[in-house]
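Each ligand, and each atom within it, is numbered from 1 in the order the structure gives.
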Amino acid sequence: MTGTIEARGVDVVFTSGIGGRVRKAALSDVSLSVGGAQPSITAVVGESGSGKTTLTRLLLGFQSATSGEVLYNGQPMNALSGSDLRTFRRDVQAIFQDPFEAFNPFYKVEHPLVTPLRTFGLARSRDEALHLVEQAMETVGLRPQETIGKYPHQLSGGQRQRIMIARSLALRPSVILADEPVSMVDASLRSTILEMLWKLNRDQGIALIYVTHDLTTAYQVAETILVLYGGQIMEIGAAEEVIHRPRHPYTRALIDAVPSPDPSVDWNLGDGTDIGDTHNLPDGGCPFAPRCASAHDRCRAERPPLFDTDPLRASACWLDETDAHTTGAEIQRRAAEARAAVAAE
Ligand SMILES: Nc1ncnc2c1ncn2[C@@H]1O[C@H](COP(=O)(O)OP(=O)(O)O)[C@@H](O)[C@H]1O
Ligand SMILES: [Mg+2]
């Protein structure tokens, strides 16, 4: 059974201050899906503060939607309980940016792998669990005999990140949500880990959301790229369309900009202006309008919906206005279908 998570028109608003008077929209009207009959890789690209981790947490059920809904296999996520909730917790796995945070320094590294296998009933004995752990370690290029029995500090950052991937794999999920999985490993390991994620999709049919601030790696692994800014989908489409024929002025700016390998550092436009100030966004209109060279009055007053501009892409820019609106999930579906058609030829 392949699980599907679907977000429909989700807003996430954080409030702070006395009486919750300070409101911050971390996500606005986001629709996308992951998993299902044609498991694919969708990259969510955006700078620091654009809402990527909020989106990951939403799909994991750690963050509730202020409005809109999130469904797992058609059931509202916040209503999952009992065996459905257990299935969800096993079927949907996460890989986070900092593998060190995920480890308890007092336990040997196999502990966080063995325990869930036992909890979810995937292994009847500790020996059986260890055997599955060894298999998962080999899949991610770790030698079990050199890994099992070590403490987290005895392994490199890259090895720890591989263990986190092995952990999610051991549970045989149908969906993996990877939030900046390679931003803390060095460049030589980055491509190895990305290739591994790509193979998990191709060989094991695992659907992936690959969250990154790096358009280059997004293009390398994903068939669909979703560009997020100020919590809104600016553009979404087949990777080829978005990278080679970008429509949205923000996507164009990103492609012209040189991204920094450090996710906490904002990108810079070619002219030196910072496009990463996602902390003081306008209340209405397009979030990118204050920095957009093409912005006009309407952009500052009215938020553009996702316009159905091309068969395999949509853009939320008034310059791309068409009669039809669409959603991220619909574009993902079309991109996955197009890929399946090419594969069948
Ligand atoms: N728990 C929270 N409370 C208040 N604001 C938050 C919280 N989590 C995230 N935010 C805000 O929401 C926006 C999006 O954050 P985040 O999803 O972490 O972005 P990213 O992962 O793209 O860097 C940011 O402005 C951030 O400050
Ligand atoms: Mg983040």
Side-chain angles (χ1 to χ4, degrees), residues 5 7 10-32 34 42-68 70 78 93-102 161 164 176-185 190 193 197 208-218 222 225-236 248 250-251 253-254 257 259-268 274-284 286-291 303 316 328:
I5 315 175
V10 168
D11 293 343
V12 171
V13 178
F14 293 112
T15 51
S16 59
I18 296 165
R21 263 174 291 184
V22 183
R23 288 167 60 83
K24 161 96 205 174
L27 290 177
S28 301
D29 196 19
V30 170
S31 297
L32 88 165
V34 51
T42 296
V44 174
V45 182
E47 299 156 275
S48 166
S50 57
K52 305 184 298 298
T53 295
T54 304
L55 180 59
T56 311
R57 290 172 48 78
L58 178 86
L59 300 176
L60 280 170
F62 296 163
Q63 170 67 54
S64 55
T66 309
S67 57
V70 187
N78 52 13
Q93 294 298 315
I95 301 169
F96 289 106
Q97 177 178 336
D98 184 354
F100 207 58
E101 273 178 8
Q161 192 59 304
M164 278 297 99
I176 292 182
L177 306 169
D179 189 355
E180 308 253 17
V182 292
S183 56
M184 310 245 315
V185 302
R190 200 168 295 155
I193 289 184
L197 294 176
L208 277 155
I209 296 277
Y210 169 54
V211 169
T212 181
H213 65 288
D214 177 14
L215 263 180
T216 311
T217 57
I225 294 180
L226 184 163
V227 179
L228 204 60
Y229 184 82
Q232 298 183 26
I233 299 176
M234 298 282 104
E235 177 161 2
I236 178 169
H248 200 287
Y250 177 61
T251 316
L254 286 185
S260 157
D262 179 348
S264 63
V265 174
D266 292 326
W267 287 353
N268 289 305
D274 177 13
I275 44 172
D277 182 8
T278 49
H279 304 287
N280 295 301
L281 294 170
D283 274 344
C286 170
F288 188 56
R291 329 195 86 118
R303 198 184 82 178

### Query
So, T53 and the Mg ion (ligand 2): N/O/S under 2.8 Å, yes or no?
yes
### Message
What I'd like to find out is whether the side chain of I95 reaches to under 4.5 Å of the side chain of D179, using heavy atoms alone.
### Response
no
### Query
What do you reckon, does G51 have a nitrogen or oxygen under 3.5 Å from a nitrogen or oxygen of ligand 1?
yes
### Query
Would you call Q232 and Y250 a side-chain contact if the rule is heavy atoms closer than 4.5 Å?
no
### Message
Any heavy atom of G46 closer to ligand 1 than 4.0 angstrom?
### Response
no
### Task
Assess E47 for proximity to ligand 1: is some non-hydrogen atom of it under 4.0 Å away?
yes
### Query
Between L32 and L55, is any pair of side-chain heavy atoms under 4.5 Å apart?
yes
### Message
Taking 4.0 angstrom as the limit and counting only heavy atoms of T53, give me the atoms of ligand 1 inside it, by number and element.
### Response
17 (O), 18 (O), 20 (P), 21 (O)
### Query
Considering distance alone, does some N or O of A26 sit under 3.5 Å from an N or O of ligand 1?
no
#### Entry: Test item: F288 and T251 side chains (from C-beta on) under 4.5 Å apart, heavy atoms
no
### Query
Heavy-atom distance under 4.5 Å between the side chains of I5 and V70, does that happen here?
yes
### Task
Dump the intermediate steps for side chain to side chain contact (heavy atoms under 4.5 Å, CB included) on D29 and D11, then the final yes or no.
CA-CA 5 Å; D29 196 19; D11 293 343; 4.3 Å; yes
### Message
Please list, in number order, the atoms of ligand 1 under 4.0 Å from a heavy atom of S48.
### Response
23 (O)
